[in-house]
2 protein chains.
Amino acid sequence: MNTIKNRNQEASPLTDRIFDQLQDSIIKGEIPAGSKISEPELSKTYGVSRGTLREALSRLEERHLVIRAPNHGARVISLSYEELIETYQIREVLGGLGCRLAVRNMTDSEIAELHKLLDEHEKSIKEDQGLSYYQQEGEFDFHYRILQGSRNKMLLAILDGGLYQLIRMYRYQFSTDSPRPLLALKEHHRIVDAIEERDEDLAELLMRRHIRIARISVEQRHKKALAKEKGDV
Amino acid sequence: MNTIKNRNQEASPLTDRIFDQLQDSIIKGEIPAGSKISEPELSKTYGVSRGTLREALSRLEERHLVIRAPNHGARVISLSYEELIETYQIREVLGGLGCRLAVRNMTDSEIAELHKLLDEHEKSIKEDQGLSYYQQEGEFDFHYRILQGSRNKMLLAILDGGLYQLIRMYRYQFSTDSPRPLLALKEHHRIVDAIEERDEDLAELLMRRHIRIARISVEQRHKKALAKEKGDV
DNA sequence: TGATATTTTTTTGTCGACACTTTTTATTGA
DNA sequence: TCAATAAAAAGTGTCGACAAAAAAATATCA
């Protein structure tokens with residue numbers, strides 16, 4: 001965790017910067033899930049006053065990344081398996097909606113850019129010997145680009161502002177990358193093709209399926225973990 | 001707007017209470033959409049320090065009820081027609097998901113309670129001479145009860161914590177009640193019947209249709225308003 | 001008189017202090 | 001030695017003050 005003292009770096013308020021850093025630390029597990037947040041300690045670490053830190057915590061509370069109780073401070077959430085599945089359920093229907101709206105709203109040039117993005121992703125996978133499919137957050141992320149194309153700002157806010165962070169948190173916690181990267185890339189291609197053909201129903205179906213497969217993968221991993229636990233008895 | 005001075009009334013922190021009051025005032029239009037929020041004025045009105053007020057504003061920011069810009073303070077959002085439609089689009093798919101999950105998760109006694117709730121709603125409509133269908137927020141709200149039955153806490157948080165507030169805000173702004181109350185009630189009955197029969201597909205379809213009808217009603221009202229504007233030239 | 005520059009006032013962002021609550025440690029009694 | 005109680009320490013919630021930025025008011029110039 002970095003200490004922030006140099007105010008010339010950014011034009012944004014301190015509390016925004018603390019919020020970003022805190023969110024990152026929570027998602028990456030630097031502040032472990034379930035752990036108590038100490039305001040005095042954090043404010044010392046970041047070199048800011050407790051009031052500034054509290055503003056950032058208030059925002060994190062509304063992002064469901066911390067839970068607060070009166071006179072007891074804040075605690076990083078601990079995402080249970082059930083909660084993770086809940087998140088995937090929502091992500092599936094919202095992802096499908098985003099895809100349907102992208103079919104209606106994306107320009108031809110935007111779709112061409114999407115193809116290019118996937119070409120870059122393919123290069124990246126091959127450089128990594130086909131072992132992982134890492135998408136840098138933001139403009140290089142396939143799902144984010146679809147959401148942009150949906151032209152539904154609220155959808156972007158809900159997914160990018162909240163649900164994706166929770167899923168990222170889980171991935172950091174359990175060191176999971178996307179399984180079978182080349183297969184995932186192929187699914188991405190199919191989705192973009194459906195968007196290009198302006199086929200709403202197919203695009204939505206393919207996106208929902210893509211996300212459902214990710215959920216099922218999590219479910220299977222969970223089953224294995226449970227079976228391993230029983231085997232250990 | 002009330003001044004809060006008596007701390008013996010509640011065990012919750014001041015900032016929580018300010019948050020609730022502010023949210024209510026924003027939704028009801030007491031602080032008009034688009035207007036600038038003056039921290040000194042509000043802190044005087046509520047009788048709290050600006051620091052406390054800012055914590056509440058930070059949470060409202062994450063609820064997308066206010067927009068903040070550095071060194072410029074907060075402004076209540078102004079929900080455009082397009083944004084409202086976006087909200088309904090999301091609400092439709094999430095409402096459908098909630099209904100599907102309710103089919104899977106609601107107990108028989110919970111469904112019986114739902115029937116009772118609708119009986120009470122019918123009484124309320126008749127007392128109002130069939131002119132409106134007002135559902136008190138919380139346990140008396142049909143949609144809220146379905147969400148509870150879904151057992152997806154995240155879904156409840158997204159819808160009840162955010163989207164419903166935006167739609168309430170719009171309703172206050174344009175003084176709209178549900179149109180055709182008895183028809184809406186009938187749709188509610190059909191949804192509960194489908195849940196009772198454990199028919200996921202039908203329940204989801206009926207809920208989505210119910211919400212889509214509300215969206216279409218908004219769209220038609222908007223068309224009329226546009227036509228009226230042109231007629232006025 | 002209108003445009004621009006300067007000054008003043010107000011607002012925003014942040015700080016550290018104080019009061020209250022909770023947790024930890026020390027003391028007392030059985 | 002253990003349990004209960006009291007005291008001390010730490011943490012939480014809130015306050016008002018200060019510095020910086022923005023807005024409003026005033027002065028100056030063409």
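Numbers restart at 1 for each chain; the letters A, B, ... are given by sequence-line order, proteins then strands.
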May I have the list of side-chain donor-acceptor pairs in residues 91-99 of chain B shorter than 3.5 Å, sequence neighbours left out?
from: B:Glu92; atom 1: OE2; to: B:Arg208; atom 2: NE; distance (Å): 3.1
from: B:Glu92; atom 1: OE2; to: B:Arg208; atom 2: NH2; distance (Å): 3.1
from: B:Glu92; atom 1: OE2; to: B:Arg212; atom 2: NE; distance (Å): 3.4
from: B:Glu92; atom 1: OE2; to: B:Arg212; atom 2: NH2; distance (Å): 3.3

If I take atom [atom1] in residue [X] and atom [atom2] in nucleotide [N], what distance separates them, rounded to the nearest angstrom?
X: A:Glu55; N: C:dC15; atom1: CD; atom2: P; answer: 10 Å
X: B:Leu14; N: C:dC20; atom1: CG; atom2: C1'; answer: 13 Å
X: B:Tyr46; N: D:dC15; atom1: OH; atom2: C1'; answer: 19 Å
X: B:Asp16; N: D:dT14; atom1: CG; atom2: C1'; answer: 13 Å
X: B:Leu57; N: C:dT14; atom1: CG; atom2: P; answer: 14 Å
X: B:Arg17; N: D:dG13; atom1: CZ; atom2: C1'; answer: 11 Å
X: A:Arg75; N: C:dT23; atom1: CZ; atom2: P; answer: 10 Å
X: A:Phe19; N: C:dT14; atom1: CZ; atom2: C1'; answer: 19 Å

side-chain N/O A:Thr52 vs C:dC15 OP1/OP2, d < 4.0 Å: yes

Mutual orientation of the aromatic rings belonging to B:His143 and B:His188 [parallel < 30°, tilted 30-60°, perpendicular > 60°]: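 B:His143 and B:His188: perpendicular rings.
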
Under the side-chain hydrogen bond (donor to acceptor under 3.5 Å, both in side chains) test, residues paired with A:Ser109 that sit two or more places apart: A:Thr107

Partners meeting salt bridge (Lys or Arg N to Asp or Glu O under 4.0 Å) with A:Arg145 (sequence neighbours left out): none

For B:Lys36, salt bridge (Lys or Arg N to Asp or Glu O under 4.0 Å) partners two or more places apart: none

Taking only N/O atoms, report every protein-nucleotides 10-12 of chain D pair under 3.5 Å with atom names and distance.
from: D:dT12; atom 1: OP1; to: A:Lys36; atom 2: NZ; distance (Å): 3.2
from: D:dT12; atom 1: O3'; to: A:Asn71; atom 2: N; distance (Å): 3.4

All side chain to side chain contact (heavy atoms under 4.5 Å, CB included) counterparts of B:Ala74, not counting sequence neighbours: B:Ile37, B:Leu57, B:Val66, B:Arg68

